[in-house]
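Okay, so here's the structure we're looking at.
Throughout, protein chains are lettered first and strands after them, A, B, ... in sequence-line order, and every chain is numbered starting at 1.
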Number of protein chains: 2
Amino acid sequence: MVTMQDVAERAGVTKQTVSNVVTGRVTVRPATEARVRAAIAELGYVPNLVARSLATGSSRTVGLFVPTVSAPFYADVVEEVEDALEERGHRLLLCTTRLDGERARRHLAGLAARSVDALLIAGDQGLTGHLPLLADVRFPVVLCAWEAALPDGFPVVTVDYEHGGHLAGRHLRALGHERALVLASPAHTVRTAGFRRAFREDGMPLPDDAVRTAADPTFRGGLAAALEALRDHPDATALFATHDVLAVAALEAARMLGRSVPDGLSVVAHDDTPAGLLSGPALTTVVLPKREMARQAVGLALGAASRGARPDPRPRLLLPALVPGESTAPVR
Amino acid sequence: MVTMQDVAERAGVTKQTVSNVVTGRVTVRPATEARVRAAIAELGYVPNLVARSLATGSSRTVGLFVPTVSAPFYADVVEEVEDALEERGHRLLLCTTRLDGERARRHLAGLAARSVDALLIAGDQGLTGHLPLLADVRFPVVLCAWEAALPDGFPVVTVDYEHGGHLAGRHLRALGHERALVLASPAHTVRTAGFRRAFREDGMPLPDDAVRTAADPTFRGGLAAALEALRDHPDATALFATHDVLAVAALEAARMLGRSVPDGLSVVAHDDTPAGLLSGPALTTVVLPKREMARQAVGLALGAASRGARPDPRPRLLLPALVPGESTAPVR
DNA sequence: CTGAAAGCGCTTACAG
DNA sequence: CTGAAAGCGCTTACAG
């Protein structure tokens with residue numbers, strides 16, 4: 001492996017000078033710089049980031065916690081974060097927590113030992129109780145995609161989930177729907193609240209019974225809950241699913257009950273669904289600005305890391321948008 | 001941050017002794033070891049892996065290339081690799097290549113500069129042309145989930161895809177199907193060949209026209225290809241989809257044409273489908289041993305890394321299995 | 001603008 | 001079994 005020393009000898013300078021041109025911290029006489037750059041190119045020198053890391057404390061590596069990578073939403077988040085990091089010359093150390101606090105704890109120790117520059121935590125599921133652990137870590141921690149109550153003092157870049165639910169509700173109200181159902185995941189209370197607010201503000205409050213929380217928010221659990229809801233409320237003309245998987249379950253339930261979508265039932269989803277896997281009509285859905293969220297979270301974390309400061313703890317709330325599809329129509 | 005030196009002073013020994021107990025490389029007198037361990041616990045010392053990495057050359061970090069993390073198959077692979085690494089105290093540096101050779105090249109440089117212990121590459125899509133780059137890298141590279149021709153000299157842990165296709169074909173033949181269609185992704189020629197072999201061996205060779213390759217192997221592209229295939233061959237009683245997304249597309253096509261599954265059409269898939277997202281009947285599918293593949297790839301790579309040797313280049317071929325579901329039935 | 005020195009926190013032979 | 005020394009490849013003040 002070729003080192004800075006090798007380059008220095010080749011260029012007839014000391015290695016400090018090579019360091020100066022590589023880091024650009026100090027201006028070097030143009031002629032010298034040219035010689036150094038030539039030597040670097042000839043030798044194919046590439047700086048050893050481990051050594052640099054030991055000297056500077058920065059590894060140009062960032063950790064990311066996600067509950068899983070198998071959910072389409074988090075898969076997208078991972079790729080967006082990776083892209084945002086790459087633009088800044090950083091790499092991604094991925095940790096899936098699987099909703100397991102102990103596992104997260106082990107990962108945290110691994111990251112600390114490796115001198116990561118920052119840690120991003122996407123999704124709050126099951127981790128809230130372990131947040132205190134993060135308090136005395138030596139690198140900035142930024143939360144994102146956080147729907148639960150915002151923990152004090154932690155910087156967070158997330159989405160206004162309440163607004164997302166509200167958008168879904170307003171959309172259905174604008175189409176004239178008066179009786180709507182909500183198919184919700186237990187973690188999605190905020191979106192549900194926003195949806196109900198839209199109906200309430202319009203003088204059409206939804207009964208508590210119209211909200212069905214699938215204890216098991218998978219396709220299977222969602223299907224059972226959707227069938228039950230639709231049977232209990234045969235007069236409902238619309239349904240809001242707080243999650244992509246639940247929306248797919250709702251579509252299937254409608255199909256099983258002979259309700260066509262959107263004519264027999266309008267369906268609004270939250271999160272974009274994995275287009276490649278979805279059959280049936282393109283869903284009307286609330287889309288989250290994942291790219292923007294990733295960029296801001298990375299910027300906040302790395303900005304703080306480079307200044308050696310704590311990130312600004314004021315929560316950043318991004319706005320979701322409603323993208324109309326073919327799964328909603330005016331009420332008949 | 002507490003260092004080995006701090007621990008040494010506390011325990012009244014030199015830091016080399018601390019290093020000896022931490023690494024376990026040299027046996028230390030029990031009384032001394034106890035003092036050192038006590039000091040470590042009191043101070044909450046955790047070894048700095050960056051410093052260790054610089055001294056030993058091993059970062060206890062492994063890179064993984066996958067085309068994307070949004071495809072359920074690769075999402076699973078990522079989590080399995082992560083688990084296999086964690087068992088050995090290693091962490092995962094994730095790089096999604098997005099079928100972009102240039103991007104892979106940049107990631108490779110980033111990994112090399114960070115002294116990863118090894119690199120795993122899952123999926124061959126679009127990377128085969130860039131393989132030569134890997135030849136002169138300083139750490140072991142192991143390929144996995146590799147369907148294309150096995151490149152010379154590279155160690156690979158993969159699945160017998162031909163056998164997977166053959167299993168699918170034999171299953172349909174055992175159910176009495178004589179006229180089957182194949183809905184294939186362009187990259188899946190090997191599975192397709194195995195499927196055709198099963199029919200050929202039974203004296204029922206499939207016409208070339210029965211194989212439809214979806215140039216666009218997404219749901220959309222698969223749906224179009226499936227509709228066309230089913231219309232061109234109204235007498236076909238079974239269909240083999242070489243990929244989960246295509247299987248979902250086939251189900252939808254069957255539904256649109258009024259063919260019930262499995263009575264009107266048997267469908268066999270390859271890869272396990274994301275159960276959470278799938279509507280309709282549970283698919284009969286060829287399942288790949290992802291966990292075993294991840295374990296072996298990690299073991300091979302880290303074994304070679306620790307010995308400073310090249311991994312054994314003999315290809316390891318794991319066997320897929322056919323898991324019966326509700327999407328296949330005896331021909332009527 | 002360039003060079004000599006010290007240091008980042010570990011490990012690894014090598015003497016005692 | 002324990003300790004002193006050198007080294008991993010960089011960066012960072014600090015003199016010249």
Open item on the list: side-chain contact (heavy atoms from CB on, under 4.5 Å) for Val69(B) and Tyr74(A)? Distances and angles first, verdict last.
Closed with: CA-CA 9 Å; Val69(B) 98; Tyr74(A) 290 113; over 6 Å; no

Open item on the list: For a side-chain contact (heavy atoms from CB on, under 4.5 Å) check, start with the C-alpha distance between Arg316(B) and Leu300(B), then their side-chain angles and the critical distance, and finish with the verdict.
Closed with: CA-CA 10 Å; Arg316(B) 280 160 180 68; Leu300(B) 190 63; 3.5 Å; yes

TODO: Quick one: do Val36(A) and Val28(A) satisfy side-chain contact (heavy atoms from CB on, under 4.5 Å)? Show the steps, please.
DONE: CA-CA 10 Å; Val36(A) 170; Val28(A) 171; 5.9 Å; no

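Other residues, nucleotides and ligands contribute only 12 or fewer heavy atoms inside 6.0 Å of the CZ atom of Arg105(B). Remark: Arg60(B) CZ is loosely packed, at most 12 non-hydrogen atoms of other residues, nucleotides or ligands lying under 6.0 Å away. By the 6.0 Å contact criterion, CZ on Arg98(A) is enclosed, its count of non-hydrogen atoms from other residues, nucleotides or ligands being greater than 12.
Closest to the side chain of Val13(B), out of dT2(C), dG3(D), dG3(C), is dG3(D). In the set dT2(D), dT2(C), dG3(C), dT2(D) carries the atom at the smallest distance from any side-chain atom of Thr32(B).
The phosphate of dT2(D) (OP1 or OP2) has no side-chain N or O of Thr17(B) nearer than 4.0 angstrom.
Nucleic acid contact for Ser53(B): none, since no nucleic acid atom lies under 4.0 Å from a heavy atom of the residue.
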For nucleotides 9-13 of chain D, which of its nitrogen or oxygen atoms have a protein nitrogen or oxygen under 3.5 Å away, and what is each distance?
| unit_1 | atom_1 | unit_2 | atom_2 | d |
| --- | --- | --- | --- | --- |
| dG9(D) | N2 | Ala51(A) | O | 3.3 |
| dC10(D) | OP1 | Tyr45(A) | OH | 2.7 |
| dC10(D) | OP1 | Asn48(A) | N | 2.9 |
| dC10(D) | OP2 | Met4(A) | N | 2.5 |
| dC10(D) | N4 | Lys15(A) | NZ | 3.3 |
| dT11(D) | OP1 | Arg52(A) | NE | 2.9 |
| dT11(D) | OP1 | Arg52(A) | NH2 | 3.4 |
| dT11(D) | OP2 | Ser19(A) | OG | 2.6 |
| dT12(D) | OP2 | Arg25(A) | NE | 3.1 |

Could you list, one pair per line, each protein nitrogen or oxygen that sits under 3.5 Å from a nitrogen or oxygen of nucleotides 14-16 of chain D, together with the distance?
none

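Taking NZ of Lys290(A) as the start and CG of Leu318(A) as the end, the distance is 13.0 Å to the nearest 0.5 Å. In this structure, the separation between CZ on Phe73(B) and OG1 on Thr68(B) is 13.0 Å, given to the nearest 0.5 Å. Taking SG of Cys95(A) as the reference point, atom CG of Leu94(B) lies at 11.0 Å (rounded to 0.5 Å).
A donor-acceptor contact closer than 3.5 angstrom links the side chains of Thr61(A) and Arg114(B). Side-chain contact check for Thr14(B) and Gln16(B): at least one donor-acceptor pair (N or O, by modelled atom type) lies under 3.5 Å.
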TODO: Fill in the dot-bracket string of DNA chain D, one character per base: . for unpaired, | for a pair to another strand, ( ) or [ ] for pairs within the strand, taking Watson-Crick or G-U pairs under 3.5 Å.
DONE: |||.||||||||.|||

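Note: CG (Asp6(B)) to P (dC8(C)) measures 11 Å, nearest angstrom.
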